[in-house]
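In what follows, a single structure is set out as structure tokens and then discussed.
All chains are named by letter (A, B, ...) in the order of the sequence lines, taking the proteins before the strands, and each is independently numbered beginning at 1.
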Number of protein chains: 2
Amino acid sequence: MTVTRSSLPTPDPNLPRPNDPAAHERLYRSLRSRIMLGELPPGKALTLRGIAREYHLSMTPAREAVRRLVAEGALTLSASGRVTTPALSDERIEELAALRALIEPELAARALPRAHFALIDRLAQMNARIADAVERHDAVGYIRCNLDFHRMLYLRAQAPAMLAMLETIWLQLGPTMRALYGRVKRNEPPRHHRMILAALRAGDEPALRLAVRADVTHGLRHLTST
Amino acid sequence: MTVTRSSLPTPDPNLPRPNDPAAHERLYRSLRSRIMLGELPPGKALTLRGIAREYHLSMTPAREAVRRLVAEGALTLSASGRVTTPALSDERIEELAALRALIEPELAARALPRAHFALIDRLAQMNARIADAVERHDAVGYIRCNLDFHRMLYLRAQAPAMLAMLETIWLQLGPTMRALYGRVKRNEPPRHHRMILAALRAGDEPALRLAVRADVTHGLRHLTST
DNA sequence: CGGCATGGTTTGTGATCACATCCATTCTAT
DNA sequence: ATAGAATGGATGTGATCACAAACCATGCCG
């Protein structure tokens, strides 16, 4: 593809060239997004050749992306190597909820001193979009906006390792969340989100921790009851 | 290897047959162990072909094992695809320590009601082995026994998802831990471990949480100072 | 009519190859 | 002599192939 490299004096050695994020990377991101947003139901079976065909690639990048997602708990690997989206037991859901309840208040507390007004404003806007999604009974949109709301806040904590760990938990809950929010069509206005915004504005860390914890545990309480 | 499959009427269809854990799985376990125990220094470069040659395999299983470890944060992937063992920044170490300080007390508290006498006894024996490793200035042995001590306790919490999450944190700290314990040759008797055992015997959950938290933060405080 | 063997088909695994890129050494020109 | 370019080796990526195990469904026999 590079016609004559000797003729050009390396026009853009490390320029912001479109860059090719590597096929397996794009595949990974795509699958990860679909899983976290709950577009795949729990227990859905996937095949390497099927994924490869769907994305017009060979099995190799599909294998790498799937292996990565399995390592993060986003997919389950049966003994014979078959991959499915996880069907979580009640105990596992409770554990993941407990982890969220441990980590998210900590991230919120770390973000609090750095939460300037513009951020709170954008969070309020995001909250409105969540209400919209609820109005339209758009489960995937609801999950996406809800996660964006939390992520936008936690990004201010400047704690990438914690956030990465939390996102893998969200990933594992993805398919199950969809199964839940798809069932309960009751409009659930982001009540706790308003409490979070109030605590942020007041600079009240204990109240913020409580509000975040309440939001997490409330949303996930429905899951264990099944 | 299967001489004549047609002659035998499938003697053990799903028996606990030794089974071949698949080459990439063995490779993954081996590398993971070496990383978590700190046998590889931070920043060590690895190559797929090098790993493949070392284990007498092709690049394919090496790629899968490495990809999995990268996904768990046990290895770092440079922009050009080169893999190295991570060299953690002080901020990242602080985050990982904070995560340990959040999760480990919770796991200990959940294990407490299930911690019968035999377990406490085995933990005390493990503690003695830690003292031995300290005596011999055996860094890898120290790390292994220390992790075994914690894992043995947390296994009783019956919380596999939490334990898995915690182990990935241990993994990420592996190379750095070795770099630390290799430097500080001062014998550090497992003081906090005795506090943990005392709290377990007394059935005192608040004291147990405090002791575990102290053990974690104490051990990791040396890392940030560098 | 029902349970089980048996066939074909699908799927994951590992090896090998072609290719683009990166890294380092070396060579050349000023 | 030194700085920059060229060249060769090394490395990751993706495709393709051969193979064994697993899965599924049909059909056979009791």
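- A donor-acceptor pair under 3.5 Å links the side-chain atoms of B:Glu95 to the main chain of A:Ala161, judged by distance alone.
- With sequence neighbours left out, B:His193 forms a ring pair (Phe, Tyr, Trp, His ring centres under 6.0 Å) with B:Phe149, B:His150.
- Using modelled atom types, no side-chain atom of A:Ser33 and backbone atom of A:Arg29 make a donor-acceptor pair closer than 3.5 Å.
- Remark: the backbone N or O of B:Arg26 is not paired with any side-chain donor or acceptor of B:Ser30 at under 3.5 angstrom.
- A donor-acceptor pair is defined here as one N or O able to donate and one able to accept, closer than 3.5 Å; such a pair exists between the side chain of B:Arg213 and the backbone of B:Ala101.
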Original post:
With the sugar-phosphate defined as primed atoms, P, OP1 and OP2, and the base as all remaining atoms, what B/S/- string results for nucleotides 11-18 of chain C, 5' to 3', for protein heavy atoms under 4.0 Å?
Top reply: BBBBBB--
